[in-house]
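Before any comments, here is the structure.
Side chains are part of it too, since the values below use all heavy atoms of this structure and drop only hydrogens, waters and symmetry mates. Throughout, protein chains are lettered first and strands after them, A, B, ... in sequence-line order, and every chain is numbered starting at 1.
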Amino acid sequence: MANETLSKGYEPADVEGRWLDYWKSHQSFTPDAAKAAAHPKDNYSIVIPPPNVTGALHMGHALNITLQDIMCRFMRQHGKTVLWVPGTDHAGIATQNVVERKLLAEGKRREDLGREAFIERVWEWKEDYGGRILNQIRRLGASVDWTRERFTMDEGLSKAVREVFVSLYEQGLVYRGKYIVNWCTRCHTALADDEVEYAPAKSTLYHLRYPLEDGSGFVTVATVRPETMLGDTAVAVHPEDERYQDMVGKFVILPLVGRRIPVIADAYVDREFGTGCLKITPAHDMNDWEMGRKFGLEAVSVIDDKGLMNDNAPEAYRGLTAAKCRERIVEDLKACGALVAEEPYENKVNQCYRCKTTIEPFVSEQWFVSVKPLAEKARAAVEDGRTTIWPAQWNKTYYNWLDNIRDWCISRQLWWGHRIPVWTCRDCGEVIVARQDPTACTCGSANLTQDEDVLDTWFSSALWPFSTMGWPEKTHELAAFYPTSLLVTGFDILFFWVARMMMMGLQFMDNVPFKDVYIHALVRDEHGKKMSKSTGNVIDPLQMIDKYGCDSLRFTLTSFAAMGRDIKLSEARIEGYRHFINKIWNAARFALMHVDGSEPEFDPAALTGLHHKWILHRLEVLKKEHAAQIEGYRFNEAAQGLYGFVWREFCDWYLELIKPELYGEDQAAKAAARSCLKHVLSEIMVIAHPIIPFVTQEIWSCIPSLDAESLSVRPYPKARPECENETAVRDMEFLQGVIVAVRNIRAELGVAPGIALNVLVRAGGEDQAFLAAHETEIAALARVGSLTAAPDIEPPKGCASAVVRGCELFVPLAGVVDFEAELARLDKELGKITKELDFVTKKLGNESFVSKAPEDVVAKEKAKAAEFAEKKAALEQLRAKVQEFVG
RNA sequence: GGGCGGUUAGCUCAGCUGGGAGAGCGUCGGCCUUACAAGCCGAAUGUCAUAGGUUCGAUCCCUGUACCGCCCACCA
């Protein structure tokens, strides 16, 4: 492949395919855990946030994967042994829903198949489609170790789940209890608090009148759910509410039901809201449930698990849906005069985060984890810095959630998931919680039934950082790679997942699951809206890859990945950054026209040209800054720094400056240029590789006499302090200043680009020598015919002029130049410099500035003032000269 | 109600520990200059939301205000 001419434009599809295959077949990213275990400090590890098996790649994944990949590739370059574990999550509800929908298309329900057959169907589905998302991740160039791919329902991970459940049970941290839970009547399962979403709704607030038992009057309560009144077991008022002082302790009779219920007093009641009286329905409202516990109230459940009115409701309502029942209740209450007012009301309705069905608070028997003790450890680990959250602004959110945490409901009434390892003996009632499926009870009976429920998906995800490494076995992976170095994720699962991994890691590994957590942005559409299928504003990463190439997408996402800020993405941006990828490609194409492997070995000491010294210095700065930026997760800065260096410095200046040498006759200079060019190009490829792996790898493989196929395992370029050269930077500024001044004159005075200009510079000593030495470069870059530098140069009649670093520069344009235009141009320059000079002068005139500001700042300002004054004086002279011609 | 973030060039956004603002895209003008027209050269553009405060000096630090966005809790 070496030394072939590159195609004129970069064609990503072919390139990406080839290198993806190469990396996979060579197992380039598979570390040797046994070896790595011997020196854990040299290791680096990340576990991928496992996408749902049902998932399809979206921009959030693309960003997430890109950032992780950058870190992994970067750390390999820095000599780390890197493990990046890929895998997927079984995603209980989501996956079950998908398969149920498929069944429904065949006219079947899961109940028709039965549990075992249904689960088999889900596994079949998983085998067929579950790998899709992983292939999509692969296409992003993720340098994961495919030999260690995991699934949350793998045998090993299931073993870990069971181990954790049973030991938490043994530690008294898992318990079963009757509790009010968020119940999805469609999914038929309990949901954790954070699986509930709130949606605004237009409702009606009904005022209901309950008569006092002693006939002394009424209390009026307000509710948006009148049907739940059938389950009321109290009415509450505020203890200090004067209106109701004498009612507390009395009883009211519940209309339609006839139940006698107490009036209680509790500060929870808001006196301002509605009538100040609150109906208490412990079985169907979270707050009421708490109140019921506090006051020892009965919880009368009137709605069942399907959302239908049950037998506790008066006969007339039984079997109705809650909504239908509400209509009927409203009619009936109206009829008996208990409904005294209706008003439109906007509130929020709880929804299932999976299917958006309204949540019904529901009392049932569920399994819980006592998370308080775990949460305290998780909090402490961030407080004392064992884990660092980036950016730190998320600490507060994290603490706040942990501080207010309630027990975690972990049972789900689904079939797809880790079945709860609890058996009940049907003969003696013994409850067995076991790591191995028991065959018999202690009483000898084999008549055991396993708990029907499965565990919350997040229960297994919480173990991901160590379960994927083989825990509870003592593996080399755990020894080498736990705790992991970094977790990269979106803030939307900070609670669901990150906090719970912290808890479980600390509990079972006695160590944090990761040293750093990087919370990345949310990818939104160009208007800042969340991308969603229903809004139709989704940008499909795979389509973007097909259209613009993976590197374009990766570079775009990286450029916008500023910490703590959302990304507004549009296709135009990706298209824009494709230009950059193509620019690199073409720069390489140019370079490879001149580099064939015969050039001398790179030796900075042998490079005497200013532009070589300059670019090598700039390269040193880039190396240093780029590494610091990646290490500090300042991805946007890293990408933009690279962009600026490659385009503005390497291409715009360096490549242009070596052209005279490459096309020239001086063989020594040519060889030096080719050697340096090859060196700089090679190092750029290495530095850029973590962000844009494909184009860099492809170019790398075409650079002659390099280790052609190994860019992904190539170390980061070593620092070369001998190349640092501030003098070169200052000299280069001078050279650039002269070139830009001439270009500016040409452009502003409308001189045709074809006309070569002659340039005179009034300069003596070093400056004169410098200009003479760089005539070739100036000639080439500014289209200058002849350059004359001398201390006694006098401006010829009819010329344009400029001042560069104190030197007056003249471009004779007799007969060509429009003096009015030149005058205007000089005036513009004068205006600028005058403004700047005035500002500095004023500042220096301020006594308190001079006396109070640090010395170096004052010195800097003084130097500026001198420089500005010099330039201004020179410009004024030039202007006067031109004025003579005009006048 | 509690918390967090944002407000900088026409657009999208950088600006790390205070020393009078940058990039990309877009715009305008000129170029098919043998790596690249997906390009090259040149140019224009900002009371850094607002009112105060601290300071010799504030886009940056503090306080208040307005508007936008998000998270948590939730008034039935």
(request) Using the closest heavy atom to pick a nucleotide of RNA chain B for each, name whichever of Lys843(A) or Gly276(A) lands nearer the 5' end. (result) Lys843(A)
(request) Encode nucleotides 8-18 of chain B as B, S and - characters from 5' to 3', where the letter depends on protein heavy atoms closer than 4.0 Å: B to the base, S only to sugar-phosphate, - to neither. (result) ----SSS----
(request) Kindly write out the residues that satisfy ring pair (Phe, Tyr, Trp, His ring centres under 6.0 Å) with Tyr398(A), not counting sequence neighbours, or none if the list is empty. (result) none
(request) Only counting residues at least two apart or in another chain, list the ones meeting salt bridge (Lys or Arg N to Asp or Glu O under 4.0 Å) with Asp266(A). (result) Lys294(A)
Using residues 224-235 of chain A as the side-chain source, report each donor-acceptor pair under 3.5 Å to any protein atom, sequence neighbours left out, with the distance given to one decimal.
residue, atom, partner, partner atom, Å
Arg225(A), NE, Glu227(A), OE2, 3.2
Arg225(A), NH1, Glu360(A), OE2, 3.1
Arg225(A), NH2, Glu227(A), OE2, 3.4
Arg225(A), NH2, Glu360(A), OE1, 3.4
Arg225(A), NH2, Glu360(A), OE2, 2.5
Glu227(A), OE1, Arg326(A), NE, 2.9
Glu227(A), OE2, Arg326(A), NH2, 3.1
Thr228(A), OG1, Arg225(A), O, 2.7
Thr228(A), OG1, Lys279(A), NZ, 2.6
Asp232(A), OD1, Lys279(A), NZ, 3.1
Asp232(A), OD1, Thr281(A), OG1, 2.7
Asp232(A), OD2, Tyr210(A), OH, 2.7
Thr233(A), OG1, Glu298(A), O, 3.0

(message) Looking at every heavy atom in both Cys277(A) and Val237(A), which two are closest together, and how far apart are they?
(response) SG-CG1, 3.7 Å
(message) Give me the stems containing RNA chain B, sorted by first residue, counting only three or more consecutive Watson-Crick or G-U pairs with both distances under 3.5 Å; say none if there aren't any.
(response) B:1-7 with B:66-72, B:10-13 with B:22-25, B:27-31 with B:39-43, B:49-53 with B:61-65
(message) Is it the case that the base of rA43(B) and the side chain of Lys828(A) share a donor-acceptor contact (distance under 3.5 Å, atom types as modelled)?
(response) no
For residues 836-844 of chain A, tabulate all N or O donor-acceptor pairs below 3.5 Å that involve a side-chain atom, not counting sequence neighbours.
residue, atom, partner, partner atom, Å
Thr841(A), OG1, Leu837(A), O, 2.5

(request) For rU47(B) versus rA23(B), give the span between their C1' atoms, rounded off to a whole number of Å. (result) 23 Å
(message) Does a side-chain N or O of Asn744(A) approach OP1 or OP2 of rA43(B) to a distance below 4.0 Å, or not?
(response) yes
(message) Would the base of rC36(B) count as contacting Lys583(A) through its side chain, where contact means a donor and an acceptor less than 3.5 Å apart?
(response) yes
